[in-house]
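Lettering of chains follows the sequences in order, A, B, ..., and the numbering in each one begins at 1.
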Protein chains: 2
Amino acid sequence: MAHATAARQGAQTSPEDHADLEDLVGYNLKRAYVIVDADFRRALGEDGLAPRVFSALSLIVHIPDITQSDLARRLGIERSGLVAITDDLEARGFVIRQPVPGDRRVQALAATKAGKAAYLEALQTVRAHEARLLSDLSPAEAETLVGLLRKIRQIGD
Amino acid sequence: MAHATAARQGAQTSPEDHADLEDLVGYNLKRAYVIVDADFRRALGEDGLAPRVFSALSLIVHIPDITQSDLARRLGIERSGLVAITDDLEARGFVIRQPVPGDRRVQALAATKAGKAAYLEALQTVRAHEARLLSDLSPAEAETLVGLLRKIRQIGD
DNA sequence: TATTGTTATACTCTATAACTATA
DNA sequence: TATAGTTATAGAGTATAACAATA
């Protein structure tokens, strides 16, 4: 049925009109994401924090003694994916895994002094990167963009 | 210098405030992208077109005899990445590689009848997926979102 | 039985570099 | 020399499934 409808519409589609793709939210979302992601990595440098590592560090700094499971849930990724991220942060001396009294399965993540300082420095770099990348958007537009993206995020819960 | 500034701000940051991350465009962009990408794949099914294959097919349908190099440039990826995409579309019988008279290095890509029909059917599925995912956004908001994402894309040129 | 952290494994997407055949 | 398509390869990022320790 969908096929027949599609075929019927096909007769009306001119070959030169390629607005299809450019009008899709998903396509624009991905293209924008790729640009922002690449610029983030460029801004933080070859040996800098990867986006996902920066995000994890941010939550660890702000939520003391967060567990890996909780962190994974908040970041929207699987628990198993957090191991490499935590290893990365631990190897840099930014985070330590701490035993939790009362539940020996759990390891609480805590940012070290160096980790907190590194986070705040990275945050400034990230904010500069975003300011540069969003220079064509007014502050109001940037806020609108974040609000609209959050609406999409809420549906995906 | 940036370090000293960051350290100074650190003293003012309360541990409970984790607006940092949630206010960053990049973070929201990625989270939204992940959701839309996953729903796209779900909508088109296990053996359906992957997002990048759908995008390529869209351009091939709309720009007859486009070359792979041109297509790669328009999609913002490397030439080498297009080989697998073209192989995929060719294996499905949706696209053929055609020799171009006058330059034997080039292979023009052309959508078959089946390819055109499959594209239009997929487009309907994609539009339904986007309508579902963007149900919390008004048509005006969706348009605003696309406009803002395009502004980001333009900077990354 | 369920949960936490972990490992092993595989898959997608992408890039870089080098090759070939042409130009 | 330069370009189009291709191959080989590697590196992120992610998921799934299974495991040991613990609850």
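OP1 or OP2 of dT3(C) has not a single side-chain nitrogen or oxygen of Gln68(A) nearer than 4.0 Å. The side chain of Thr86(A) places no N or O atom within less than 4.0 Å of a non-bridging phosphate oxygen (OP1 or OP2) of dG5(C). Look at Lys30(B) and you won't find any side-chain N or O under 4.0 angstrom from OP1 or OP2 of dA12(D). Between Arg79(B) and dA17(C) there is no side-chain polar atom (N or O) within less than 4.0 angstrom of OP1 or OP2.
Between Arg41(A) and Glu46(A) no salt bridge is recorded (no basic side-chain N to carboxylate O distance below 4.0 Å). Residues Arg153(B) and Glu22(A) are paired through a salt bridge, judged by an N-O separation under 4.0 Å between the basic side chain and the carboxylate. The residues Arg127(B) and Asp20(A) are annotated as salt-bridged, a charged nitrogen and a carboxylate oxygen being separated by less than 4.0 angstrom.
Across all strands, Arg41(B) comes closer than 4.0 Å only to sugar-phosphate atoms, never to a base (heavy-atom distances). Residue contacts for Ala50(B): at a heavy-atom cut-off of 4.0 Å it reaches the sugar-phosphate backbone alone, with no base atom in range. Residue contacts for Glu78(A): at a heavy-atom cut-off of 4.0 Å it reaches a base atom on one of the strands shown. Thr67(A) comes within 4.0 angstrom of sugar-phosphate atoms only, judged by non-hydrogen atoms across all strands, and of no base. Nucleic acid contact for Val106(B): sugar-phosphate only, since backbone atoms but no base atoms lie under 4.0 Å from a heavy atom of the residue.
The base of dT16(C) sits within donor-acceptor range of the side chain of Ser80(B), with an N or O pair under 3.5 Å. At a cut-off of 3.5 angstrom, the base of dG13(D) holds no donor-acceptor pair with the side chain of Arg52(A). Between the side chain of Arg105(B) and the base of dG5(D), no donor-acceptor pair under 3.5 Å is found.
If you take CG of Leu82(A) and C1' of dT4(C), they are 12 Å apart, rounded to a whole angstrom.
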